[in-house]
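Written out below as C-alpha cells is the structure these notes cover.
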Amino acid sequence: RHLRSEAAHALGDLGVAVVRAHAGSPASVAAALERVGAERVFFSTDYFARGCQTVDRARARGAAVVEACEQSPTVDYVVYGSSCDCDRAPRRVAHFRADRAVEKRLEKRLLGDVDVAVVRKAALLDDLEVVPDSAGRPRYLRYVTKAETAVQWTSLLDFGKAAAAALENRDRFAGLT
C-alpha cells in the first residue's frame, strides 16, 4: 500500500516489483502492470478497507484488476486471494459475496486466455482484538461472531505463504481453488 514502507522494500529485495496503481481504475492498474512487464499477478480485495466497505466497491476494485490483466500482453497467470467458503456463505455476509463476485469475474473473463488460481483464506488470526486488563496485560480476545459459531482461522503469514506457493508453482496450482 505504501511504496516506501519497510514491507515494500523487503518485497523489492526479493525481486518483487512493487508499483502504485489506483485500485478502482483498470487503466491505472494496466499501466502499472505494463511498467514492470508483469507476467504473474497476485491480488486480493479488502472489503473492510477505508473507502470500500460495500459489495459493489469491492467487486469494482477486483474487476479493475481482472480487466487490466485481461488487457495486458504480458500477464499469463493470476492468483486471487479470496475467502474460504465464499461460494456457500449466506447472502448477508457481504465480504464473502464480494470475493465470490471477483472469483466469477476471473472465471468468466480470464479462464482460457490466462491461467488462474484462487487461494482462499479463513478468518484471519491477525484480526482478533486483544482486550487488556487495567495493567495492560492481555485479558481476552474478541472477535465479532456468535459464541456457538465454529470459525476456521488462518494467519496472514500462512495466507501469504500459500499465495507465494501458488505464484511460484503455476503448474501445480493453475486452475485450482
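- The environment of CZ in Arg172 is sparse: at most 12 heavy-atom neighbours from other residues, nucleotides or ligands sit within 6.0 Å.
- Put simply, CG on Asp113 and OG on Ser72 are 12.0 Å apart, with the number rounded to the nearest 0.5 Å.
- Taking the salt bridge (Lys or Arg N to Asp or Glu O under 4.0 Å) definition, one finds that Arg57 meets it with nothing, sequence neighbours left out.
- One N or O on the side chain of Asn169 and one on the backbone of Ala165 form a donor-acceptor pair closer than 3.5 Å.
- Ring-plane geometry between Phe159 and Phe42 is classed as perpendicular, the angle between the planes exceeding 60 degrees on a 0 to 90 degree scale with a lower cut at 30.
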Under the side chain to side chain contact (heavy atoms under 4.5 Å, CB included) rule, what do Asp115 and Val78 come out as? Steps first, then yes or no, please. CA-CA 6 Å; Asp115 286 336; Val78 176; over 6 Å; no
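- Note that CG of Asp56 and CZ of Arg97 are 8.5 Å apart. Values are rounded to the nearest 0.5 Å.
- The two residues Gly81 and Ser44 come nearest to each other via the heavy atoms O-OG, 2.9 Å.
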Take Ser82 and Glu103 through the test side chain to side chain donor-acceptor pair (under 3.5 Å) and record every step on the way to the result. CA-CA 8 Å; Ser82 190; Glu103 286 184 14; 2.6 Å; yes
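- Judged purely by atom type and a 3.5 angstrom limit, His22 uses its side chain to pair as donor or acceptor with the backbone of Gly24.
- Under a hydrophobic-cluster definition in which Ile, Leu, Val, Met, Phe, Trp and Tyr are linked whenever side-chain heavy atoms come within less than 4.5 Å, directly or via other members, Val36 and Leu3 are assigned to different clusters.
- Ala162 approaches Val119 most closely through the heavy-atom pair CB-CG1, 3.8 Å.
- For the residue pair Val79 and Ala163, the shortest heavy atom distance occurs at CG1-O, 4.5 Å.
- Without hydrogens or angle criteria, Ser155 side chain to Asp158 main chain gives a donor-acceptor distance under 3.5 Å.
- With a 4.5 Å cut-off on side-chain heavy atoms, Glu67 and Arg105 count as touching.
- With Arg170 contributing its side chain and Asp76 its backbone, the two residues share a donor-acceptor pair below 3.5 Å.
- Counting Ile, Leu, Val, Met, Phe, Trp and Tyr side chains that sit under 4.5 Å apart, directly or through other members, Val93 shares a hydrophobic cluster with Phe96.
- For the ring pair (Phe, Tyr, Trp, His ring centres under 6.0 Å) test, residues two or more places apart in sequence or in another chain that qualify with Phe43 are Tyr80.
- In this structure, the separation between CD on Gln152 and NZ on Lys121 is 13.0 Å, given to the nearest 0.5 Å.
- Here the straight-line distance linking atom CZ of Arg100 with atom CZ of Arg91 works out to 13.0 Å at 0.5 Å rounding.
- Without hydrogens or angle criteria, Ser28 side chain to Ser25 main chain gives no donor-acceptor distance under 3.5 Å.
- Nearest approach of Ala58 to Val102, heavy atoms of both residues: O-CG2, 4.1 Å.
- For the pair Arg120 and Val118, the minimum side-chain heavy-atom distance is below 4.5 Å.
- When all heavy atoms are compared, the tightest approach of Ala30 to Ala68 is N-CB, 3.5 Å.
- Summarising the geometry of Ala38 relative to Thr74, their closest heavy-atom pair is O-OG1, 2.6 Å, with the distance given to 0.1 Å.
- If you take CG on Asp13 and CD on Glu6, they are separated by 11.0 Å, rounding to the nearest 0.5 Å.
- Cys69 pairs in a side-chain contact (heavy atoms from CB on, under 4.5 Å) with only one of the listed residues (Leu33, Val114, Val29), which is Leu33.
- In this structure, His9 NE2 and Leu11 CG are separated by 10.5 Å, a value rounded to the nearest 0.5 Å.
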